[in-house]
J.: 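Below is a structure I'd like to ask you about.
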Amino acid sequence: VRSVKPIDMQTIKLCAAGKKMIASVEDNVVLGGFGERVEGLLKRHVVKFGYPDRPIVQGSIKELKQLYGMDGEHIALQIEKSLAKQKVYG
């Protein structure tokens, strides 16, 4: 998705139906971002990856993604942890 607004609510609901977990990865600040919009729309938890709402240190894109947990390895690990929690608590 390119932007937070306008959001295609029907498509989001259709894609989320029956899924055990929803995640969003944003190349932006999480606070007020796409993941929060989806979470509010669906009325369920969304695992959100993105930048914190504070000044960002300088670095290459690769360095920043690693530092803020938005690289593929970190995302996969966090998704696995979230799914494991659902098996224990769900």
Side-chain angles (χ1 to χ4, degrees):
V1 175
R2 181 70 180 112
S3 64
V4 175
K5 292 183 179 180
I7 191 166
D8 183 349
M9 294 187 283
Q10 186 174 3
T11 299
I12 298 294
K13 287 180 179 180
L14 181 67
C15 290
K19 303 300 186 285
K20 292 181 180 181
M21 190 193 80
I22 306 296
S24 79
V25 181
E26 316 182 38
D27 191 21
N28 212 326
V29 176
V30 172
L31 185 65
F34 180 75
E36 283 194 352
R37 296 261 305 155
V38 170
E39 195 169 59
L41 170 71
L42 298 176
K43 307 287 190 256
R44 61 185 275 199
H45 178 66
V46 173
V47 179
K48 296 175 285 294
F49 299 92
Y51 294 107
D53 190 25
R54 64 175 187 262
I56 304 301
V57 300
Q58 298 296 305
S60 69
I61 292 172
K62 182 178 180 180
E63 290 169 332
L64 294 177
K65 289 196 182 296
Q66 288 175 336
L67 180 63
Y68 293 101
M70 296 189 312
D71 58 311
E73 186 176 327
H74 181 82
I75 291 169
L77 181 63
Q78 291 305 315
I79 288 174
E80 286 175 353
K81 285 181 180 179
S82 292
L83 289 171
K85 279 184 186 178
Q86 286 182 11
K87 287 181 184 176
V88 171
Y89 299 111

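Just the heavy atoms: all of them, side chains too, but no hydrogens, waters or symmetry mates, feed the values below.
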J.: Phe49: what forms a ring-ring contact (aromatic ring centres under 6.0 Å, His included) with it, not counting sequence neighbours?
T.: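 Per chain and number, Phe49 pairs via ring-ring contact (aromatic ring centres under 6.0 Å, His included) with no residue.
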
J.: What residues, two or more places apart in sequence or in another chain, satisfy salt bridge (charged side-chain N to carboxylate O under 4.0 Å, His left out) together with Glu39?
T.: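 Per chain and number, Glu39 pairs via salt bridge (charged side-chain N to carboxylate O under 4.0 Å, His left out) with Lys48.
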
J.: When rounded to the nearest 0.5 angstrom, what is the spacing between CD1 in Ile79 and NE2 in His74?
T.: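 The CD1 atom of Ile79 sits 10.0 Å away from the NE2 atom of His74.
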
J.: Quick one: which residue pairs count as a side chain to side chain donor-acceptor pair (under 3.5 Å) with a foot in residues 49-62, not counting sequence neighbours?
T.: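 Applying side chain to side chain donor-acceptor pair (under 3.5 Å) to every pair that reaches into residues 49-62, excluding sequence neighbours, yields Ser60-Glu63.
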
J.: Indicate yes or no: at least one non-hydrogen side-chain atom of Asp27 is less than 4.5 angstrom from one of Lys65.
T.: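 With C-beta onward as the side chain, the pair touches.
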
J.: Output, in order, the C-alpha distance, side-chain angles, deciding distance and verdict of side-chain contact (heavy atoms from CB on, under 4.5 Å) for Lys81 and Leu77.
T.: CA-CA 6 Å; Lys81 285 181 180 179; Leu77 181 63; 4.1 Å; yes

J.: Taking all atoms of both residues into account, what is the closest heavy-atom pair of Tyr68 and Val57, and its distance?
T.: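 The pair with the smallest heavy-atom distance is OH-N, 3.5 Å.
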
J.: Which residues satisfy the salt bridge (charged side-chain N to carboxylate O under 4.0 Å, His left out) test with Asp71, sequence neighbours excluded?
T.: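 Counting only residues at least two positions away or on another chain, Asp71 forms no salt bridge (charged side-chain N to carboxylate O under 4.0 Å, His left out).
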
J.: With rounding to the nearest 0.5 Å, note down the distance linking CG in Leu41 to NZ in Lys43.
T.: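 Rounded to the nearest 0.5 Å, the CG-NZ separation comes to 7.0 Å.
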
J.: So, the side chain of Glu36 versus the backbone of Gly32: is there a donor-acceptor pair under 3.5 Å, distance only?
T.: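 Pair found, side chain donor or acceptor close to backbone of Gly32.
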
J.: Is there a chain of hydrophobic side chains (I, L, V, M, F, W, Y, each step under 4.5 Å between heavy atoms) that links Val30 to Leu64?
T.: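 Per the 4.5 Å side-chain linkage, Val30 and Leu64 are not co-clustered.
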
J.: Under 3.5 Å, side-chain donor or acceptor atoms of residues 11-25 against the rest of the protein: list the pairs with distances, not counting sequence neighbours.
T.:
| from | atom 1 | to | atom 2 | distance (Å) |
| --- | --- | --- | --- | --- |
| Thr11 | OG1 | Asp8 | OD1 | 3.3 |
| Thr11 | OG1 | Asp8 | OD2 | 2.6 |
| Lys19 | NZ | Cys15 | O | 3.1 |

J.: Once rounded to the nearest 0.5 Å, what's the spacing between atom CD1 of Ile56 and atom CG of Leu67?
T.: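 One finds 8.5 Å between CD1 of Ile56 and CG of Leu67.
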
